Amino acid sequence: MEDSIEVILQHHGRDLPTSRPHPIVSVCTGALLTALYGVWSLFTMPGFRKIPWKLKVPYLPSSRVQTVNVMKLLEGRSGRLADLGSGDGRLVFAASAAGFRCTGFEINSILVSYARSKARWIGVPSSQAVFVKTDFWKTDLSSYNNVTAFLAPGVMGVLGEKLLKELPSDARVIACRFPFPDWPQQLSAGSGLDETFGYDISTVRSHLRDEQETVLY
């Protein structure tokens, strides 16, 4: 009986066609996947080797609703604004239209070039909006009294320490989607993925100082 089964399986094995992809199809598929990865990496990876791993943040554009929420938290304010990780510049363009003198910090050279080209195309003067290919982690931000950031939750604690050291006492910080872990929440706009959080640096410093004194005593 077992010999009969083996004969049947061998017979069917010879009759069943082998479904192997054509070599040209395999080559084309591999080339397409490689090209897609190359395009993706151009937008998300440039400059990453220059930044410590724990501070790396992939490009994720702000939504229209999120941008509107940021502008709500900036109502009544003026002066210089730094957008940390400005991407394609959409938040910088919105803030410059409201009268802020903006600097978009971005390490992705393609996104910087795109934002600069768009600024020229829509006629935004450099006195209102400028995009720089600069690592904001290594930049002194003390000359800005408004800061916006849409980064990853894992870097918000480190960013908070940097801003507390550098920003003037009248500065306001707007965080998109991800709040600062140790800062008291003061203002917010929107909900869900489009929620934004506003912090006045003077209030944050006072709160953290009071907390530290409470621990000591």
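None of these values were measured; they are calculated from a predicted model. Nothing fancy with the numbering, it's 1 onward along the sequence.
Cluster annotation: V130 and Y144 are assigned to the same hydrophobic cluster (Ile/Leu/Val/Met/Phe/Trp/Tyr, side-chain heavy-atom contacts under 4.5 Å, transitive).
Within the structure, salt bridge (Lys or Arg N to Asp or Glu O under 4.0 Å) pairs that include any residue of residues 109-118 do not occur (at least two apart or interchain). Listed by first and then second residue, the salt bridge (Lys or Arg N to Asp or Glu O under 4.0 Å) pairs that reach into residues 176-197 come to none, sequence neighbours excluded. Pairs passing the salt bridge (Lys or Arg N to Asp or Glu O under 4.0 Å) check and including a residue from residues 145-164, sequence neighbours excluded, read K162-E166. Sequence neighbours left out, the pairs with a member in residues 82-104 that pass salt bridge (Lys or Arg N to Asp or Glu O under 4.0 Å) are D88-R90. For residues 170-196, the set of pairs meeting the ring-ring contact (aromatic ring centres under 6.0 Å, His included) definition, not counting sequence neighbours, comprises F180-W183, F180-Y199, W183-Y199.
For S96, the side chain to side chain donor-acceptor pair (under 3.5 Å) test picks out no residue, with sequence neighbours left out. In terms of the side chain to side chain contact (heavy atoms under 4.5 Å, CB included) criterion, residue partners of T203 (sequence neighbours excluded) are, by chain and number, Q186, D200. P181 is linked by a side chain to side chain contact (heavy atoms under 4.5 Å, CB included) to M156, counting only residues two or more places apart in sequence or in another chain. Partners of T134 by side chain to side chain contact (heavy atoms under 4.5 Å, CB included), not counting sequence neighbours, listed by chain and number: F105, V132, T139. Scanning for side chain to side chain contact (heavy atoms under 4.5 Å, CB included) contacts around V68 gives R64, K72, with sequence neighbours left out.
The two atoms that bring A115 and G87 nearest to each other are CB-O, 4.3 Å, heavy atoms only. Shortest non-hydrogen contact noted between K133 and S109 is CE-CB, 3.4 Å.
With rounding to the nearest 0.5 angstrom, the CD1 atom of I201 is 12.0 Å from the OG atom of S206. One distance of note links OG of S202 with NE2 of H207; it measures 13.5 Å at 0.5 Å rounding.
No side-chain heavy atom of S63 sits less than 4.5 Å from a side-chain heavy atom of T67. Counting heavy atoms from C-beta on, the side chains of N146 and R77 come closer than 4.5 Å. Contact annotation: the side chain of R80 approaches that of S143 to within less than 4.5 Å [non-hydrogen atoms, C-beta and beyond]. When side chains are defined from C-beta on, L159 counts as touching L84, because their heavy atoms get closer than 4.5 Å. V147 has its side chain out of reach of F136: every pair of non-hydrogen atoms, C-beta onward, lies at least 4.5 Å apart.
Alongside V124, the hydrophobic cluster contains V92, F93, V112, W121, I122, F131 (criterion: ILVMFWY side chains under 4.5 Å). Grouping Ile, Leu, Val, Met, Phe, Trp and Tyr by side-chain contacts under 4.5 Å, direct or through others, puts L91 with V70, M71, L73, L74, L81, F100, I174, L187.
The backbone N or O of L193 sits less than 3.5 Å from a side-chain atom of Q66, completing a donor-acceptor pair.
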